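Single-structure report; data block below.
Letters go in sequence order (proteins before strands), and every chain restarts at 1. Remember, it's a predicted structure, so these values are computed and weren't measured experimentally.
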Amino acid sequence: MADARTPILVGPTGVGKTAIALALAAHWPIEVISADSRQIYRGLDIATAKATRKERDRVPHHLVDVVRPGERYSAGRFALDAAAAIEGVRAAGKLPVVVGGTGLYVRALVDGLFAEPTIDPRAREALAHAIDRMDNATLVRWAGRLDRGYRGEGGRHRAARAIEIALLTGQPLSWWQAAAKAQGVVTPWTVRLTAPRHLLHQRILARTTAMLERGLLEEVAAALADGAPVEGPGMDGIGVREAVAVLQGRLPRDLLVSSIATATRQYAKRQETWFRHQLRGDVLVLDATRSPEQLAATIAAAWEQQRS
RNA sequence: GGUGGGGUGGCCGAGUGGCUAAUGGCAGCAGACUGUAAAUCUGCCGGGCUACGCCCUACGUAGGUUCGAAUCCUACCCCCACCA
């Protein structure tokens with residue numbers, strides 16, 4: 001069983017990953033391992049387009065609703081959690097299928113990240129605080145001084161990461177990346193779903209409109225009332241931040257749908273770029289224009305073929 | 001009907017005689033990406049080329065002034081505000 005391949009379904013938001021995974025259940029006894037950095041958070045079901053309760057009753061989903069909004073989560077933690085979940089599903093005699101749009105999470109699971117040493121969360125938070133007050137140029141310069149392997153790319157976010165690692169572990173990030181190579185925990189069988197851009201845009205708009213009808217604003221208002229930190233992780237997803245802006249009067253209500261749709265389109269585009277270039281090994285590329293049932297049948301057939 | 005303001009590249013919006021295919025922003029396209037990744041960044045962005053250069057088309061429309069106009073003049077069309 002150690003060499004068993006694990007089906008992985010990736011693709012941009014709106015291609016229909018969820019529907020296809022559910023349709024796949026007609027072919028295999030599957031359980032879904034979600035690789036989605038926002039569905040990890042509890043609540044905000046509409047905003048993050050989670051599979052419904054009913055759907056999840058029919059096909060169990062793992063790594064959905066695991067932390068509360070405001071709590072820090074990471075790709076590394078995902079790799080660990082997902083590996084455990086996959087193990088569990090296998091032990092129960094079912095087939096785990098990884099489904100998700102967060103490329104880095106999939107990479108963490110398949111290729112492994114470097115073995116990051118334990119970092120004191122309090123020191124990390126204090127440093128993050130100091131970093132927040134510095135401008136981009138300062139951060140980039142600082143990161144360059146601390147880590148000669150740092151290329152100055154990726155802006156403040158990645159500069160901050162380089163600084164954090166160098167300061168808190170005593171070794172630069174590039175050193176860890178080279179010296180502490182990790183192993184992936186699954187052998188992937190990857191299906192990359194894609195769709196013509198105009199179709200994707202169309203689906204995104206329809207889906208955004210539907211989100212509002214299902215009560216996106218109410219959902220976000222409830223999360224805020226519940227004490228979810230506006231700035232915290234989990235509350236920064238597309239749809240959520242725009243809804244918060246409307247609730248706080250910073251964005252006119254009638255611009256809500258278009259703002260969310262635009263941000264979603266841009267995200268979908270970034271995902272397409274990531275999956276087009278960053279996936280390693282054999283990848284089955286499928287145009288998701290057809291129905292979920294047809295696609296599931298194609299995927300099931302291809303899976304059978306690669307097994308023999 | 002009168003007076004004033006305005007019509008700029010897909011959109012918004014600078015520019016008031018040459019250095020302007022035209023600052024910016026948005027949208028779009030392409031790309032980067034090892035632990036906040038729904039993040040964070042980079043490039044391109046009127047069209048066509050035998051492309052470190054050349055050609056064409058472009059600042060409401062039509063004329064005009066000038067060596068030279070998005071920028072000045074005239075007429076017309078449209079929009080907005082106020083007055084009637």
Detail all sub-3.5 Å separations between protein N/O atoms and N/O atoms belonging to nucleotides 42-44 of chain B.
none

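- Between the side chain of Arg56(A) and the backbone N or O of Ala51(A) there is at least one donor-acceptor pair closer than 3.5 Å.
- Rounded to whole angstrom, the span from the CG atom of Asp111(A) across to the P atom of rC33(B) amounts to 13 Å.
- rU16(B) and rA30(B) have their P atoms separated by 37 Å, given to the nearest Å.
- Rounded to the nearest Å, the gap between the P atom of rG24(B) and that of rA14(B) is 15 Å.
- A straight line from NZ of Lys17(A) to C1' of rA38(B) spans 11 Å, rounded to a whole angstrom.
- Look at the P atom in both rU23(B) and rC44(B): the space between them is 13 Å, to the nearest Å.
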Distances for protein N or O near nucleotides 27-30 of chain B N or O, under 3.5 Å:
from    : atom 1 : to        : atom 2 : distance (Å)
rA27(B) : OP1    : Gln266(A) : NE2    : 3.0
rG28(B) : OP1    : Arg265(A) : NE     : 2.9
rG28(B) : OP1    : Arg265(A) : NH2    : 3.3
rG28(B) : OP2    : Gln266(A) : NE2    : 2.8
rC29(B) : OP1    : Arg197(A) : NH1    : 2.9
rA30(B) : OP2    : Arg197(A) : NH1    : 3.2
rA30(B) : OP2    : Arg197(A) : NH2    : 3.3
rA30(B) : OP2    : Lys269(A) : NZ     : 3.3
rA30(B) : N7     : Lys269(A) : NZ     : 2.7

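- Of the C1' atoms belonging to rA69(B) and rG64(B), the separation is 12 Å, rounded to the nearest Å.
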Between the protein and nucleotides 9-12 of chain B, which nitrogen or oxygen pairs are less than 3.5 angstrom apart?
none

* Asked: Where each pair must be Watson-Crick or G-U wobble with both distances under 3.5 Å, what dot-bracket representation of RNA chain B is obtained, with crossing pairs in [ ] and other-strand partners as |?
  -> ((((((((.[[[..)..(.....]]].(((((.......))))).((((...))))...[[[[[..)....]]]]]))))))).

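- In terms of phosphate contacts, Asn136(A) brings no side-chain nitrogen or oxygen within less than 4.0 Å of OP1 or OP2 of rU40(B).
- With hydrogens and angles ignored, the 3.5 Å screen pairs a side-chain donor or acceptor of Gln306(A) with a backbone N or O of Trp303(A).
- In textbook terms, a nucleotide whose glycosidic angle is within 90° of 0 is syn, and rC52(B) is one such case.
- On the C1' atoms, rC73(B) is 13 Å away from rG17(B), given to the nearest whole Å.
- For the pair Thr138(A) (side chain) and Met134(A) (backbone), a donor-acceptor distance under 3.5 Å is absent.
- Nearest to the side chain of Gln177(A), among rC33(B), rU34(B), rA39(B), sits rU34(B).
- If you take CG of Leu279(A) and P of rA32(B), they are 13 Å apart, rounded to a whole angstrom.
- Residue pairs meeting the side-chain hydrogen bond (donor to acceptor under 3.5 Å, both in side chains) criterion with at least one member in residues 227-237 of chain A, sequence neighbours excluded: Arg38(A)-Asp236(A).
- Every residue meeting the side-chain contact (heavy atoms from CB on, under 4.5 Å) condition with Asp81(A), not counting sequence neighbours, appears here in chain and number order: Leu63(A), Tyr73(A), Arg77(A).
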Would you list the atom pairs, donor with acceptor, under 3.5 Å between side chains in residues 249-258 of chain A and any protein atom, with sequence neighbours excluded?
from      : atom 1 : to        : atom 2 : distance (Å)
Arg250(A) : NE     : Gln248(A) : OE1    : 3.0
Arg250(A) : NH2    : Gln248(A) : OE1    : 2.7
Ser258(A) : OG     : Leu255(A) : O      : 3.2

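- Contacts of Gly76(A) with the nucleic acid, taken as non-hydrogen atoms under 4.0 Å apart, include base atoms.
- Of the possible polar contacts, one joining the Gln294(A) side chain to the Ser291(A) backbone as a donor-acceptor pair under 3.5 Å is found.
- Contacts of Trp274(A) with the nucleic acid, taken as non-hydrogen atoms under 4.0 Å apart, include base atoms.
- Rounded to a whole angstrom, the distance from the P atom of rG28(B) to that of rC79(B) is 31 Å.
- A distance-only check finds no donor-acceptor pair linking the side chain of His198(A) to the backbone of Pro196(A) [under 3.5 Å].
- Nucleic acid contact for Ala49(A): none, since no nucleic acid atom lies under 4.0 Å from a heavy atom of the residue.
- Side-chain N or O atoms of Asp226(A) include none that pairs as donor or acceptor with a backbone N or O of Ala228(A) at under 3.5 Å.
- Taking atom CZ of Phe78(A) as the reference point, atom P of rA38(B) lies 11 Å away to the nearest angstrom.
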Let me check something: any side-chain donor-acceptor pairs from residues 12-26 of chain A under 3.5 Å, sequence neighbours excluded? List them with distances.
from     : atom 1 : to        : atom 2 : distance (Å)
Thr13(A) : OG1    : Gln271(A) : NE2    : 3.0
Lys17(A) : NZ     : Gly11(A)  : O      : 2.9
Lys17(A) : NZ     : Pro12(A)  : O      : 3.2

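- Heavy-atom distances under 4.0 Å link RNA chain B to Arg158(A), Arg161(A) of residues 158-172 of chain A, given in residue order.
- Between the side chains of Asp287(A) and Thr289(A), at least one donor-acceptor pair of N or O atoms lies under 3.5 Å.
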For residues 163-175 of chain A, which side-chain N or O atoms pair as donor and acceptor with protein atoms under 3.5 Å away, sequence neighbours left out?
from      : atom 1 : to        : atom 2 : distance (Å)
Glu164(A) : OE1    : Arg124(A) : NE     : 3.4
Glu164(A) : OE2    : Arg124(A) : NH2    : 3.4
Glu164(A) : OE2    : Arg161(A) : NH1    : 3.3
Thr169(A) : OG1    : Ile165(A) : O      : 2.6
Thr169(A) : OG1    : Gln171(A) : N      : 3.2
Thr169(A) : OG1    : Gln171(A) : O      : 3.0
Thr169(A) : OG1    : Trp176(A) : NE1    : 2.8
Ser174(A) : OG     : Asp147(A) : OD1    : 2.6
Ser174(A) : OG     : Asp147(A) : OD2    : 3.4

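- With Asp65(A) as reference, Lys50(A) is the one residue of Arg42(A), Gln39(A), Lys50(A) to meet the side-chain hydrogen bond (donor to acceptor under 3.5 Å, both in side chains) rule.
- Residue-level contact check: Tyr105(A) touches the backbone only, with heavy atoms under 4.0 Å from sugar-phosphate atoms and none from bases.
- The phosphate of rA39(B) has OP1 or OP2 within less than 4.0 Å of a side-chain N or O from Arg241(A).
- Members clustered with Leu80(A): none, using a 4.5 Å side-chain heavy-atom cutoff among hydrophobic residues.
- The phosphate of rU34(B) (OP1 or OP2) has a side-chain N or O of Arg107(A) nearer than 4.0 angstrom.
- The side chain of Thr13(A) places no N or O atom within less than 4.0 Å of a non-bridging phosphate oxygen (OP1 or OP2) of rA38(B).
- Atom C1' of nucleotide rA37(B) and atom CG of Leu104(A) are separated by 6 Å, given to the nearest angstrom.
- Glu219(A) contributes a side-chain N or O that, together with a main-chain N or O of Ala47(A), makes up a donor-acceptor pair within less than 3.5 Å.
- In this structure, Arg5(A) contributes its side chain and Trp189(A) its backbone to no donor-acceptor pair below 3.5 Å.
- Spacing between rG7(B) and rU71(B) at atom C1', rounded to whole Å, works out to 14 Å.
- Taking atom P in both rC26(B) and rA37(B), one finds a spacing of 24 Å when rounded to whole Å.
- Residues satisfying the side-chain hydrogen bond (donor to acceptor under 3.5 Å, both in side chains) test with Thr190(A), not counting sequence neighbours, are none.
- Along RNA chain B, the nucleotide closest to Gly112(A) and the one closest to Tyr267(A) are compared, and the more 5′ of them pairs with Gly112(A).
- Nearer to the 5' terminus of RNA chain B, by closest-nucleotide assignment, is the contact made by Ala178(A) (compared with the other of Ala178(A) and Arg38(A)).
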